[in-house]
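Data block below; observations after.
Predicted model only: the values in this text are computed from it and were never measured.
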Amino acid sequence: MMDLQKLLCDELARNLRQRDRPRIPAGGDLLWKWFLDLNRGRSVGPAGPSPIRFSEMLAYFQFMGVSMPIGSEKIKILQAMDAKYLSIHYAGSSQGAPSGPLSEISAARFDAMFG
């Protein structure tokens, strides 16, 4: 599964940068679909997209009627794809990925978020 994780993350990065038709690796079709669905439903705040939460994954799987056991390996792959997506998104952002509790917010980050 680790090879599939790397292949999917690499393809996601390539696809985001080149914006062309994805070349989904063998065995990755369902994970790719799940990620795209979860990505479309992700929450976005003033600082940009938020990571996909476990609760969002659970709600998605329940809503879609996914009855097979998902397994921790598939969840880890989705998390890795999410981390890759966020790293690419925030690499192009001047403010970088949000991190840490609100008590660590700087004046510059506050201004960037709220004007």
Side-chain angles (χ1 to χ4, degrees):
M1 279 283 189
M2 190 58 93
D3 290 335
L4 183 57
Q5 177 177 315
K6 180 173 178 2
L7 290 170
L8 283 167
C9 288
D10 289 349
E11 180 53 24
L12 179 63
R14 188 200 66 75
N15 183 256
L16 289 170
R17 290 184 179 117
Q18 296 180 7
R19 303 223 181 257
D20 63 352
R21 186 177 178 103
R23 298 183 300 242
I24 303 167
D29 292 350
L30 192 55
L31 286 160
W32 189 268
K33 179 194 177 320
W34 289 347
F35 177 75
L36 291 181
D37 287 348
L38 288 162
N39 187 47
R40 276 191 290 273
R42 87 169 57 241
S43 61
V44 178
S50 301
I52 298 169
R53 296 184 214 159
F54 288 120
S55 60
E56 293 166 332
M57 289 184 200
L58 178 61
Y60 170 77
F61 294 135
Q62 288 177 338
F63 180 77
M64 297 304 287
V66 177
S67 58
M68 66 175 175
I70 303 303
S72 63
E73 287 301 315
K74 289 180 180 143
I75 297 298
K76 288 177 186 174
I77 291 172
L78 290 170
Q79 288 178 307
M81 292 175 75
D82 187 42
K84 179 61 77 174
Y85 172 85
L86 291 172
S87 72
I88 291 168
H89 174 82
Y90 285 113
S93 169
S94 63
Q95 63 195 56
S99 62
L102 289 178
S103 62
E104 296 175 11
I105 194 164
S106 66
R109 180 168 277 165
F110 182 87
D111 289 342
M113 290 171 58
F114 299 105

message: Tell me whether Glu11 contacts the main-chain N or O of Ile24 through its side chain, where contact means a donor paired with an acceptor under 3.5 Å.
response: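 No, the answer is negative, given that no donor and acceptor are paired below the 3.5 Å cut-off.
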
query: Is there a donor-acceptor contact under 3.5 Å from the side chain of Asn15 to the main chain of Asp20?
result: yes

message: Quick one, Asp3 with Lys6, criterion salt bridge (Lys or Arg N to Asp or Glu O under 4.0 Å). Give me CA distance, side-chain angles, the key distance, then yes/no.
response: CA-CA 5 Å; Asp3 290 335; Lys6 180 173 178 2; over 6 Å; no

- request: Would you please test Lys84 and Met81 for side chain to side chain contact (heavy atoms under 4.5 Å, CB included) and show each step?
  value: CA-CA 5 Å; Lys84 179 61 77 174; Met81 292 175 75; 5.6 Å; no

Please give me the minimum heavy-atom distance between [X] and [Y], naming the atom from each residue.
| X | Y | answer |
| --- | --- | --- |
| Pro49 | His89 | CD-NE2, 3.2 Å |
| Tyr90 | Gly48 | OH-C, 3.2 Å |
| Ile77 | Gln5 | CG1-CB, 3.7 Å |
| Asp82 | Ile52 | OD2-N, 2.9 Å |
| Pro25 | Leu4 | CG-CD1, 4.1 Å |
| Arg42 | Leu86 | NH1-CD2, 3.7 Å |

Kindly compute the distance separating [atom1] ([X]) from [atom2] ([Y]), expressed to the nearest 0.5 Å.
| X | Y | atom1 | atom2 | result |
| --- | --- | --- | --- | --- |
| Tyr85 | Leu16 | OH | CG | 7.0 Å |
| Trp32 | Asn39 | CH2 | CG | 10.0 Å |
| Arg23 | Gln18 | CZ | CD | 6.5 Å |
| Ile70 | Phe61 | CD1 | CZ | 4.5 Å |

Sequence neighbours excluded, every pair satisfying salt bridge (charged side-chain N to carboxylate O under 4.0 Å, His left out) that has a member inside residues 47-57: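 Passing the test, one end in residues 47-57: no pairs.
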
message: Apply side chain to side chain contact (heavy atoms under 4.5 Å, CB included) to residues Phe35 and Leu8 and explain how you reach the verdict.
response: CA-CA 10 Å; Phe35 177 75; Leu8 283 167; over 6 Å; no

task: May I ask you to decide whether Arg14 forms a salt bridge with Asp10, counting only side-chain N to carboxylate O separations under 4.0 Å?
output: no

message: Under the criterion side chain to side chain contact (heavy atoms under 4.5 Å, CB included), I'd like the reasoning laid out for Arg40 against Leu36: C-alpha separation, chi angles, the key distance, then a yes or no.
response: CA-CA 6 Å; Arg40 276 191 290 273; Leu36 291 181; 4.0 Å; yes

message: Under 4.5 Å between side-chain heavy atoms, counting indirect links through other Ile/Leu/Val/Met/Phe/Trp/Tyr residues: same cluster for Leu58 and Leu30 or not?
response: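 No.
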
- prompt: Phe54 and Phe63: same hydrophobic cluster, using ILVMFWY side-chain contacts below 4.5 Å?
  reply: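 They do share one cluster, since a chain of ILVMFWY contacts under 4.5 Å joins Phe54 to Phe63.
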
